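Shown next, in structure tokens, is the structure this report addresses.
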Amino acid sequence: MILMKDIIREGHPTLRQVAKEVALPLSEEDRKIAESLMEYVLNSQNDELAEKYDLRPGIGLAAPQINVSKRIFAIYIEGEDEPELDIIAINPKIVSHSVEQTFLGSGEGCLSVDRPVEGYVPRYARITIEAYDLDGKKFKKRLRGLPAIAFQHELDHLNGIMFFDHIDEKNPLKANEFAQPLE
Ligand SMILES: O=C(O)C[C@@H](Cc1ccccc1)[C@H](O)SCc1ccccc1
Ligand code: NI
């Protein structure tokens, strides 16, 4: 299982690489990597396991964050009756997006960044994505809200982008006229 010691931190070169597309159907090795990412996200949201193994809670984790430069990430966001988003995404793409932007009023964090970084991170408010699942089957989703923000945060990891790259240094708490905060 992935532990915090397996998650590389800012400054590690792999976080700044563009990750490679994954061959389909998935090799056994790549399937295990994908499943381990989801296992971490689920474990980190389980209070007992997070406490027991000292895991930082996360709603997403990308392969580059465990020093594997491949285009794979997992996202799990709880919902009322069913998860808001529960995906393992292989070779994910944003195929279209809104002009309107959004941002988390509390800013963003990252399992690979051990310091608070203040500032709004502008994200597309609505996105249409395509990716492949563990069985190599292509799927398409329309996302908004936290699922859209999380998908863009994880996709950034596959392109060597960190969330603070998007923060306006001169005025970190400036929200442009197209952006509405996510409540
Ligand atoms: O480092 C990662 O990729 C996990 C990130 C994912 C993320 C960050 C900001 C906004 C959306 C997703 C975080 O550690 S997950 C922690 C978290 C939990 C709830 C809401 C936002 C962030
Ligand atoms: Ni991150």
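Along the sequence shown, residues are numbered consecutively beginning with 1. What's counted below: heavy atoms across the whole structure, side chains too, no hydrogens, waters or symmetry copies. As the structure lists them, so they are numbered: ligands from 1, and atoms in each ligand from 1. These figures come from a predicted structure and were not determined experimentally.
Expressed to the nearest 0.5 Å, how far CD of Gln101 lies from OH of Tyr120 amounts to 14.0 Å.
With the Ni ion (ligand 2) as the vertex, NE2 of His153 and NE2 of His157 span 100° to the nearest 10°.
In summary, the atoms of ligand 1 found under 4.0 Å from a heavy atom of Leu111, numbered by their order in the structure, are 1 (O), 2 (C), 4 (C), 14 (O). For ligand 1, the atoms lying closer than 4.0 Å to a non-hydrogen atom of Leu104 are 10 (C). Short contacts between ligand 1 and Pro57, defined as distances under 4.0 Å to a heavy atom of the residue, involve ligand atoms 16 (C). The ligand atoms of ligand 1 that sit less than 4.0 angstrom from a heavy atom of Cys110 are 1 (O).
Taking 4.0 Å as the cut-off, Arg56 does not count as a neighbour of ligand 1 on heavy-atom distance. For the ligand labelled ligand 1, residue Ala62 lies outside the 4.0 Å heavy-atom shell. Within the structure, ligand 1 lacks Leu61 among the residues with a heavy atom less than 4.0 angstrom away.
The nearest pair of heavy atoms linking Met4 to Arg56 is SD-N, 3.5 Å.
Grouping the Ile, Leu, Val, Met, Phe, Trp and Tyr side chains by contacts below 4.5 angstrom, directly or via other members, places Ile87 apart from Tyr76. No continuous path of hydrophobic side-chain contacts links Ile161 to Ile149 [ILVMFWY only; heavy atoms under 4.5 Å].
Between His153 and ligand 1, at least one N/O pair is under 3.5 Å apart.
Contact check for Gln65 versus Leu15: side-chain heavy atoms found under the 4.5 Å cut-off.
The pair Glu35-Arg31 meets the salt-bridge criterion, with a side-chain N (NZ, NE, NH1 or NH2) lying under 4.0 Å from an Asp/Glu carboxylate O. With respect to Arg144 and Glu100, no salt bridge is recorded, no charged nitrogen being found less than 4.0 Å from a carboxylate O.
Comparing heavy-atom distances from atom 20 (C) of ligand 1 across Ile59, Ile7, Leu37 singles out Ile59 as nearest. Here the shortest heavy-atom distance to atom 13 (C) of ligand 1, taken over Ser112, Gly109, Pro64, belongs to Gly109.
Below 30°, between 30° and 60°, or above 60°: for Phe151 and Phe73 the angle between ring planes is above 60°, a perpendicular geometry.
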